[in-house]
Q: 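Let me begin by handing over the structure; questions about it come next.
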Amino acid sequence: MTPVISFRGISKEFAGNGRNTVVKAVDSVDLDVEQGTIMGIIGYSGAGKSTLVRLVNGLEAPTGGSVVVNGKDLSGLREKDLRVLRADVGMIFQQFNLFNSRTAAGNVAYPLKLAGWPAQRRRARVAELLDFVGIAEKARQYPSQLSGGQKQRVGIARALATSPTILLADEATSALDPETTRDVLALLKKINRELGTTIVVITHEMEVVSSLCDRVAVMEDGRVIEHGPIYDVFANPQQPATRRLVHSALHDRPTEETLRRLRRQFTGRIVAVAIRDGGATLAALAAKLDQHQVRATIIYGGIGELADKPFGSITYELAGDDTSVDAVIAELAEVATVEELNPGAGSEVLAQGAGGVR
Ligand code: ADP
């Protein structure tokens, strides 16, 4: 597969607040985005996600390294070439960034005007785009007359006007309610599937990543600290920041506060078992738990799906004498990743069994 976007040693520094201080918003990032994928960029606020993505369409210029988009190195491109590039890289935003003085159709027509399309072709294209995003009947409405979801659909139609091969989405669903978010995510999937558009999504909403993206890159302090297929990264996060993001989003493990409550309520040892291959692991767990003088009670957790595969974590209280509990944990660890949980102590990975993915 050919990457449509290649970051090589890319850095972006801004002048900081203090004298002679600099902020390294993006710090030596190497990353490829393959054609036709939906790539999620996640990380806490200030990690550098927006800056990285804005380097792709020349909204920011790097202070080091290179960005290659569709085989073209962006460094040294002149304004005229950047305009050509931008026709090939659409972008949508959290606050939609529509012109309030133009109708939905007027907003969508705008990039076509810039690209010099004659009025008649423009009208046909605008109608086709509004139909594609599902708001044909809103063509003559102004943004103030539209709901958030409709505004984002206008934003998407505008971004697609010049048939870009890449669509950048910067927190595109963060201002929308959950139901509208799902509709917009479905539309992004349709764009990827039907038009073959490569999509890069910045989001702090892990649900967006888990339901939309094929691959994910995790940023912290300007660096990409981890990246790969979404299932691999979520199932087996390598970096502490990634683990925090994954668990906080999936709610599959008790938070510190919940753990303290569970600790007060359950006196046995508490272990979390990662479920990565669903039925097989669960059956093996049940068999193991059956053999011992240990009472296992499920006290937290759930199993859902990620990338169409079972995914989750179950937290058990294991009540019994320490030797028996140790024996159970050792056996569980043969089939799954098991962590003993203690409030305040962080967690300890006891063993990584066959349930691990990588
Ligand atoms: P994220 O999208 O992950 O929240 P950003 O890319 O917006 O992160 O910001 C990364 C860092 O760069 C932050 O510390 C931010 O304050 C800083 N930054 C971003 N844009 C500018 C700018 N135009 N001028 C100065 N600092 C900036």
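In this chain, residues are counted from 1 in sequence order. Given the structure is predicted, the values throughout are model-derived calculations rather than measurements. Numbering of ligands and ligand atoms starts at 1, following listing order.
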Q: Salt bridge between Glu34 and Arg215, side-chain N to carboxylate O under 4.0 Å?
A: no

Q: Please check if Leu187 and Phe96 belong to a single hydrophobic cluster, counting links between Ile, Leu, Val, Met, Phe, Trp and Tyr side chain heavy atoms closer than 4.5 Å.
A: yes

Q: Measuring from atom CE of Met206 to atom CD1 of Ile42, what distance do you get when rounded to the nearest 0.5 angstrom?
A: 4.0 Å

Q: Between Arg182 and Asp177, does any NZ, NE, NH1 or NH2 come within less than 4.0 Å of an OD or OE carboxylate oxygen?
A: no

Q: Please write out which residues are connected to Leu114 in a hydrophobic cluster, directly or through intermediates, given that two of Ile, Leu, Val, Met, Phe, Trp, Tyr count as joined at side-chain heavy-atom separations below 4.5 angstrom.
A: Phe99, Tyr110

Q: Find all protein N or O atoms under 3.5 angstrom from an N or O atom of ligand 1 and list the pairs with distances, or write 'none'.
A:
from, atom 1, to, atom 2, distance (Å)
ligand 1, 2 (O), Ser50, N, 2.8
ligand 1, 2 (O), Ser50, OG, 3.1
ligand 1, 3 (O), Ala47, N, 3.0
ligand 1, 3 (O), Gly48, N, 3.0
ligand 1, 3 (O), Lys49, N, 3.0
ligand 1, 3 (O), Lys49, NZ, 2.8
ligand 1, 4 (O), Gly46, N, 2.7
ligand 1, 6 (O), Thr51, N, 3.0
ligand 1, 6 (O), Thr51, OG1, 2.6
ligand 1, 8 (O), Gly48, N, 3.1

Q: Atom CG of Asn107 and atom CG of Leu129: how far apart are they, to the nearest 0.5 Å?
A: 12.5 Å

